[in-house]
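Have a look at the structure below, then the notes.
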Amino acid sequence: MSEPRSEFLRDIVARGFMHQCTDLDALDEKAANGTVVAYIGYDCTGPSLHVGHMVSIMMLRRMQQTGHKPIVLMGGGTTKVGDPSGKDEQRQLLTDEQIAANMASIRKSFENYVTFGDGPTDAVMVNNDDWLSELQYIPFLRDVGRHFSVNRMLSMDSVKLRLDREQPLSFLEFNYMILQGYDFVELYRRYGCCLQMGGSDQWGNIVNGVELGRRVANAQLFGLTTPLITTASGAKMGKTADGAVWLNADMRSPWEYWQFWRNTEDADVGRFLRLFTDLPLDEIARLEKAEGAEINEAKKILANEATTLCHGAQAAAEAAETARRTFEEGDAGEGLPTVTIDAARLNAGLPLYEAMKEAGLAQSNGEARRLIKGGGARVNDQPVQEELRSLTSDDLGSDGAIKLSAGKKRHALLRAE
RNA sequence: GGAGGGAUGCCUGAGUGGUUAAAAGGGACGGGCUGUAAACCCGUUGGCUAUGCCUACGGUGGUUCGAAUCCACCUCCCUCCA
C-alpha cells in the first residue's frame with residue numbers, strides 16, 4: 001500500500017510501530033472514516049509494567065491521539081489459571097485481592113499515557129476474568145472450540161517450535177490461544193472492539209481471534225503487530241544492571257529511568273525517539289543527524305521526553321539536572337539516590353563495602369568487595385585502593401554527604417544522622 | 001502399565017569417589033580506550049562477623065576417613081514399547 005489515508009496508520013507506520021497487519025487497506029479505510037476501538041492485552045502478575053511494554057503502551061497513546069479508543073485488557077483470568085510456559089518459572093497463583101491491587105497499580109502507570117473515561121475515545125481497562133471465569137466447559141467447547149482445528153493449531157509457530165524441540169506442551173497451554181481468541185470476540189461484543197494489537201510474537205494468537213470473530217460473530221476484525229524492539233547490538237531492550245526498568249517510581253526511581261534512556265546506543269536514538277516520544281517527526285529527523293558526540297544532545301532529549309511521560313516534567317527536569325551535575329561537572333548531584341545511616345556507625349568507622357551494599361550499589365558485601373578490588377569503587381570521586389577501607393565522618397563533604405560510585409554511571413549519596 | 005535416559009551455578013553445559021565453589025561458552029558487572037555510545041582488549045562473576053567459616057550440583061535417607069560423583073526411596077521431565 002502507498003501512503004495510508006488515516007492519520008492513525010500514517011503516524012504509526014512513520015514511527016516504526018508497524019510490523020504486520022491482517023488487512024492494512026481495510027483497516028485504514030475504517031480508521032479514516034470513524035473511531036476504531038482496539039485493545040492490547042497485558043499480564044497482571046506484577047504490580048508494574050516495564051520498559052519492554054513501552055512499545056505497546058505508546059501504541060495505545062498514538063491511537064488515542066489520532067482519535068480512537070484504546071482498551072487495556074488485563075489478563076486477570078488467565079493469571080488465575082497460571083501460565084505453565086517456561087519450565088522453571090511456573091507462575092504462583094495470585095489471589096483476587098493481589099490481582100486487583102496489581103491492576104490498580106498498573107492503571108496508575110497507564111494514566112500517564114492515555115486518558116481513561118467514558119467518552120468515545122476515552123480509554124478503558126477491563127479484566128478478562130469478568131468473562132473467562134464464567135465460562136462453562138461444555139458450552140465453551142461447543143461454541144468456540146469447534147472453530148479451532150487442531151491440525152492448524154499444531155502448525156502454529158508457538159506450538160510447532162515446542163514440538164520440534166521435543167519440549168513439553170501442556171493441554172492448558174495449548175488452550176491459551178483459544179482463550180485469547182475468545183477475548184477478542186468478547187471485546188467485540190461488549191465494546192465493538194475490532195482491532196487487536198500486540199508484539200510480533202502474538203501474531204498467531206491475534207489471527208486466531210480475528211478468525212474466530214468472523215466465524216462466531218460474522219465480524220470483520222483486524223490484527224496488527226509491532227516489531228520486537230532490540231537494541232542495535234541485538235540485545236532485548238529494557239534490562240539494566242539490576243533487572244527490569246519498571247515504570248512505577250517506587251520500583252525504579254525517575255533518576256534511573258532517565259539514565260536508562262540517556263544510555264541508549266547511538267544507532268538507536270532516532271528509532272527510539274520515534275517510538276517513545278511525542279516529538280514531531282521532522283524534529284526527530286533533525287536530531288538524529290547529529291554526528292559523533294553531538295548525538296548525546298539527542299539522547300538527553302530522548303531521556304527528558306520519555307521520563308516526562310512516565311514520571312512528569314518536574315521529575316524529568318530534576319533527573320536531567322542531577323545528571324548534568326554528576327556527569328558534566330563531576331559533582332554530587334542532589335537528586336542521586338540517597339541513603340541515610342546512623343551517625344554513630346560512621347563515627348565508629350563503617351566499612352566501605354557495607355556502605356556500598358546499603359546504598360544499593362552492590363547486592364552483597366562480597367560483590368562490593370570485588371568491585372573495590374577491581375578498581376571500580378570511588379568515594380567522593382577518589383578511586384579506592386584498599387579493599388577494607390572504612391568511611392568516617394572525615395569523608396563527609398561540605399554538603400554533609402559522602403558520594404559513593406560503582407563504576408562510572410552508578411552513584412549514590414550517603415548521609416549520616 | 002513396562003524398559004531405558006535425564007535433573008549441575010543467571011542461562012547453556014562439562015564433570016562419574018578426594019587437588020571441585022565445580023571446566024567451557026553466553027550473559028552480566030568492573031577496568032582500559034571513549035562521548036554516561038558501539039566495537040575491541042583485560043579482569044571479576046555463591047554467602048559471611050573473611051588467611052577462616054557456611055551453603056551449594058532435583059528431594060530425603062544411606063555407604064565412606066571423604067560424595068555433584070556410589071546405593072535406596074521419592075518428585076519432575078524425556079525417549080521407546082503397551
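Residue numbers begin at 1 in each chain, while the letters A, B, ... track the order of the sequences. Owing to the predicted nature of the structure, the values given are computational and were not obtained by experimental measurement.
- One finds no salt bridge joining A/Asp282 and A/Arg286 here, because no Lys/Arg side-chain nitrogen approaches an Asp/Glu carboxylate oxygen to under 4.0 Å.
- The partner of B/U51 is absent, by the rule that a Watson-Crick or G-U pair needs both atom distances under 3.5 Å.
- Residues of residues 294-310 of chain A that place a heavy atom closer than 4.0 Å to RNA chain B, in numerical order, are A/Ile295, A/Asn296, A/Lys299.
- If you check every strand for non-hydrogen atoms under 4.0 Å, A/Trp258 touches a base.
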### Query
Going through the distances and angles, do A/Phe110 and A/Tyr42 end up as a ring-ring contact (aromatic ring centres under 6.0 Å, His included)?
CA-CA 12 Å; A/Phe110 262 107; A/Tyr42 296 88; 5.2 Å; yes
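- Spacing between atom CD of A/Gln259 and atom P of B/A37 amounts to 10 Å, rounded to whole angstrom units.
- Atom CG of A/Asn263 and atom P of B/A37 are 6 Å apart (whole Å).
- In this model, no side-chain donor or acceptor of A/Glu328 finds a partner on the base of B/U36 within 3.5 Å.
- In summary, the side chains of A/Asp122 and A/Thr115 do not present any donor paired with an acceptor at a separation below 3.5 Å, with no hydrogens or angles considered.
- A residue-by-residue look at A/Leu371 and A/Phe327 shows that A/Leu371 has its nearest nucleotide of RNA chain B further toward the 5' end.
- As rounded to whole Å, 11 Å separates atom P of B/A38 from atom CZ of A/Arg262.
- With P as the reference atom, B/G31 and B/G25 are 22 Å apart, rounded to whole Å.
- With rounding to whole Å, A/Trp255 atom CH2 is found 13 Å from B/U36 atom P.
- Taking atom CZ of residue A/Arg410 and atom C1' of nucleotide B/C29, one finds them 7 Å apart after rounding to whole Å.
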### Message
Within the 4.0 Å limit for protein heavy atoms, which parts of nucleotides 44-51 of chain B are touched? Write it as a string from 5' to 3', B for base, S for sugar-phosphate only, - for none.
### Response
SS-SSSB-
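- The nearest whole Å value for the distance from the CG atom in A/Leu336 to the P atom in B/U36 is 16 Å.
- Nucleotide B/U19 forms a pair with no other nucleotide shown, judged by Watson-Crick or G-U wobble geometry with both contacts under 3.5 Å.
- Between the side chains of A/Gln65 and A/Arg62, at least one donor N or O lies within less than 3.5 Å of an accepting N or O.
- Comment: A/Arg10 does not engage A/Glu7 in a salt bridge, judged by the lack of any side-chain N to carboxylate O separation of less than 4.0 angstrom.
- Nucleotide B/A37 holds its P atom 7 Å from the NZ atom of A/Lys408, rounded to whole Å.
- For B/G1, the paired base is B/C81 (Watson-Crick or G-U wobble, both distances below 3.5 Å).
- Between A/Glu265 and A/Arg271 there is no salt bridge, since no side-chain nitrogen of the basic residue lies less than 4.0 Å from a carboxylate oxygen of the acidic one.
- The pair A/Lys300-A/Glu328 meets the salt-bridge criterion, since a charged nitrogen lies less than 4.0 angstrom from a carboxylate oxygen.
- With a cut-off of 3.5 Å on both pairing distances, the Watson-Crick or G-U wobble partner of B/C76 is B/G6.
- Note: NZ (A/Lys409) to P (B/C29) measures 9 Å, nearest angstrom.
- Remark: the A/Ser109 side chain and the A/Asn248 side chain contain an N/O donor-acceptor pair separated by less than 3.5 Å.
- Remark: B/A56 base-pairs with no nucleotide in the shown strands. Criterion, Watson-Crick or G-U wobble with two distances under 3.5 Å.
- The partner of B/G61, taking Watson-Crick or G-U wobble pairs whose two distances both stay under 3.5 Å, is B/C71.
- Between A/Tyr257 and A/Trp261, the two ring planes are perpendicular [angle over 60°; tilted spans 30° to 60°].
- Among the heavy atoms of the strands lying under 4.0 Å from A/Ala406 are primed sugar atoms or P, OP1, OP2 only; no base atom is included.
- Expressed to the nearest 0.5 Å, how far CG of A/Leu247 lies from NE2 of A/His53 amounts to 8.5 Å.
- In a base pair of the Watson-Crick type (N1 to N3 plus N6-O4 or O6-N4) or a G-U wobble (N1-O2 and O6-N3), with each distance short of 3.5 Å, B/C29 is matched with B/G43.
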